[in-house]
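This chain uses plain numbering: 1 for the first residue, then up along the sequence.
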Amino acid sequence: MDTPLNASSTTAGALLAGGRFNVPEFQREYAWETDEIDEFFGDLSGALSEESYFLGLVIVTGAKPVMDVVDGQQRILTLTLLTSAVYQEALKYDRRALADRLQSTFLRSIDFETDEEHPRVTLSSQRDNSALQRILAAPADTLETEAPAESVPSYLFDAYKRLTDKLREDLQPDPFRRLGAWAEFLSEKLYFAVFVHPDPASAYRVFEVINTRGRELTTADLLKSYVLSQATPAQRSARYEEWQDMSAEFREEGQGTLVQFIRHAVTVERGHIAPRDLYDILTGKRRNESSMPPNELMGVLKLRLPLYKQIADPTVSGPATNAQLGVFAMLNSLSVISVRPILIAIADTPDATAGMEQLLRLVMQRIVTGTLGTGNVERRFGVAAQKIAKEGRWEPALTGLENLRPDQTEFENRAAERSLNRSVLGAVRASVLQGTITPKLEGSVYFIRPRNSDWPPEDEDRASYWVSTLGNTFISTEIRRPMGSSSWEGFKKELLPSGVDGERIKELEEQPEWGVEQIVEFGRGLASEARELWYEK
């Protein structure tokens with residue numbers, strides 16, 4: 001390395017006034033929320049009378065006039081937003097000289113040859129940066145309530161408004177003098193430790209190292225860094241937008257679901273991948289595993305995304321058939337996620353719907369018998385997904401899972417006697433009522449006699465167990481349980497008439513009472529029907 005590493009302590013004013021700073025694409029988006037912002041502001045406002053305040057380490061790389069922020073972007077962006085709020089308040093109270101000083105130090109630089117102004121802090125994405133600069137150009141209360149959909153997410157706007165509100169509250173006793181204190185503090189008393197890394201080409205590596213050593217960076221952030229690190233400068237902006245568009249598909253569910261999608265899509269290509277191993281496998285850091293180049297990874301993700309969105313939410317549009325959407329809905333009602341790589345792989349094979357339905361049968365059989373949720377089963381599912389993708393057929397791989405299938409008698413006994421959660425009980429009962437393994441999951445599942453009912457003395461001890469079994473379930477169109485329906489007579493009067501199409505209303509009406517014996521009897525009948533339905537003849 002020709003240039004020695006350079007580390008120094010400097011004021012925030014000197015740091016920002018000394019150049020311009022860009023937040024590169026591989027950095028995570030602005031992530032501070034109300035708690036972090038309030039703590040940041042509280043710490044600074046409480047230190048205004050002190051001689052100095054240390055704000056932490058900042059790592060930058062490259063050469064002036066524009067340097068990249070490798071670490072510290074959350075603090076630099078928040079400081080910039082706060083300074084803009086102070087600047088706007090200084091204009092409001094006619095402290096022009098102070099406002100000009102803040103603007104030239106923290107917000108805008110001037111090219112002395114051309115008189116052109118440049119922002120001190122920018123974001124690499126043109127779309128995101130235009131939104132940031134719009135924020136910094138106006139008081140918070142004149143901005144739109146929400147950021148446009150095509151712009152940077154609203155939390156930058158929210159942060160600016162929050163800082164403005166906190167500042168205005170702080171200024172109330174004596175705005176003129178307090179603004180002076182803030183300007184002096186930000187310019188001359190606020191310190192950073194600045195580490196200058198001379199080699200821009202290694203910025204991604206620096207980012208990765210400092211953010212995998214106990215810092216709270218998500219797998220999604222690290223994967224984004226990896227994807228962008230291998231793009232050429234000419235390709236990087238387009239690749240960033242491509243990643244952002246994909247990430248936006250999971251905005252409501254969160255970054256954890258995005259990572260889950262990536263893991264499942266890669267599982268189809270590589271076989272089972274444990275969550276903790278995803279980043280190391282993709283980047284080739286795991287022994288005996290080759291990396292997946294970013295171009296290949298992004299190609300896989302773009303190919304799999306439309307179907308995966310339907311698997312996670314069968315109400316969205318995409319390539320799946322109505323029959324396949326029924327399989328997805330049933331699996332979601334059962335809260336089964338581990339088979340999604342198999343579903344992705346099966347979708348590309350002939351007679352895909354039959355393969356998905358066979359997989360659904362296996363899942364239901366193991367859930368009812370209580371044997372689905374093991375690491376070994378998920379591993380075998382991952383291996384099966386890879387096998388299906390390689391061979392272009394689902395039959396051999398699913399045949400290889402046949403030894404996971406419980407015995408029919410065991411299934412029937414467990415369906416009748418096992419205490420299960422309400423969603424599983426509702427799925428089994430709906431399938432029996434409609435005579436299909438992909439029923440329409442409509443209505444609400446209720447226990448005919450709940451635990452708080454007045455049970456006959458001879459049933460009290462056993463009722464706590466048998467309440468949540470198949471024989472005590474009923475599917476109603478009522479959204480809430482009617483008042484007075486907890487007793488047997490109350491149930492028949494208030495809830496029984498609201499049964500969904502196909503419910504066993506007549507059979508229940510004929511029962512003079514409802515206790516454990518009736519629950520057991522009805523449960524065995526339903527379990528027998530479920531066995532015939534869920535095991536192919």
Side-chain angles (χ1 to χ4, degrees), residues 10-23 30 32 37-38 40-53 55 58 65-66 69 75-123 129-144 152 156-192:
T10 186
T11 63
L15 174 67
L16 272 296
R20 289 151 50 198
F21 298 88
N22 181 62
V23 178
Y30 186 79
W32 278 12
I37 292 168
D38 287 355
F40 177 86
F41 185 89
D43 288 348
L44 267 58
S45 62
L48 248 60
S49 60
E50 299 179 9
E51 288 303 310
S52 65
Y53 184 84
L55 201 52
V58 171
V66 183
V69 180
R75 281 164 290 140
I76 286 179
L77 275 173
T78 307
L79 177 62
T80 301
L81 293 171
L82 173 59
T83 304
S84 180
V86 177
Y87 166 77
Q88 296 294 343
E89 292 301 298
L91 290 178
K92 184 170 75 174
Y93 288 101
D94 203 28
R95 296 209 61 177
R96 291 280 176 177
L98 186 150
D100 289 345
R101 169 74 181 276
L102 289 172
Q103 184 180 56
S104 62
T105 300
F106 290 92
L107 303 177
R108 313 288 294 179
S109 70
I110 299 176
D111 186 322
F112 292 108
E113 294 183 2
T114 65
D115 279 346
E116 184 178 3
E117 289 189 349
H118 300 281
R120 291 286 186 192
V121 177
T122 57
L123 304 176
N129 187 57
S130 64
L132 174 64
Q133 302 313 321
R134 184 162 65 87
I135 291 173
L136 299 178
D141 46 18
T142 66
L143 293 170
E144 298 176 9
V152 72
L156 262 179
F157 288 81
D158 294 341
Y160 186 45
K161 291 174 183 177
R162 182 71 179 178
L163 288 165
T164 297
D165 290 343
K166 300 290 287 186
L167 177 66
R168 288 173 176 172
E169 182 181 346
D170 179 87
L171 296 177
Q172 281 183 355
D174 189 345
F176 191 91
R177 292 184 61 184
R178 194 68 173 171
L179 281 167
W182 270 107
E184 181 184 18
F185 177 77
L186 294 175
S187 302
E188 301 177 6
K189 297 182 178 181
L190 192 62
Y191 281 82
F192 283 108

Starting at CZ of Phe40, measure out to CZ of Arg75 and round the result to the nearest 0.5 Å.
9.0 Å

About how many Å separate CZ of Arg134 and CG of Leu136, when rounded to the nearest 0.5 Å?
11.0 Å

side-chain contact (heavy atoms from CB on, under 4.5 Å) partners for Thr10, two or more places apart
Ala14, Leu15, Val194

Arg96 and Leu91: CA distance, side-chain angles, deciding distance, side-chain contact (heavy atoms from CB on, under 4.5 Å) verdict
CA-CA 6 Å; Arg96 291 280 176 177; Leu91 290 178; 3.6 Å; yes

side-chain hydrogen bond (donor to acceptor under 3.5 Å, both in side chains): which pairs involve residues 167-178, sequence neighbours left out?
Glu89-Arg168, Asp141-Arg168, Asp170-Arg178, Asp170-Trp182

How would you list, by chain and number, every residue that makes a side-chain contact (heavy atoms from CB on, under 4.5 Å) with Ala183, sequence neighbours excluded?
Leu98, Leu102

If you apply the rule side-chain contact (heavy atoms from CB on, under 4.5 Å), what do you find for Thr80 with Phe106, and how did you get there?
CA-CA 7 Å; Thr80 301; Phe106 290 92; over 6 Å; no

Got a sec, which residues hit salt bridge (Lys or Arg N to Asp or Glu O under 4.0 Å) with Glu188, two or more places apart in sequence or on another chain?
Arg101

Taking side-chain contact (heavy atoms from CB on, under 4.5 Å) as the test, write out the residues that go with Asp165, two or more places apart.
none

Non-hydrogen side-chain atoms of Leu77 and Val69 separated by less than 4.5 Å
no

Could you give me the CA-CA distance, side-chain angles and deciding distance for Leu82 and Thr164, then say whether side-chain contact (heavy atoms from CB on, under 4.5 Å) is met?
CA-CA 7 Å; Leu82 173 59; Thr164 297; over 6 Å; no

Under the side-chain contact (heavy atoms from CB on, under 4.5 Å) test, which residues partner Asp43, sequence neighbours left out?
Glu39, Tyr53

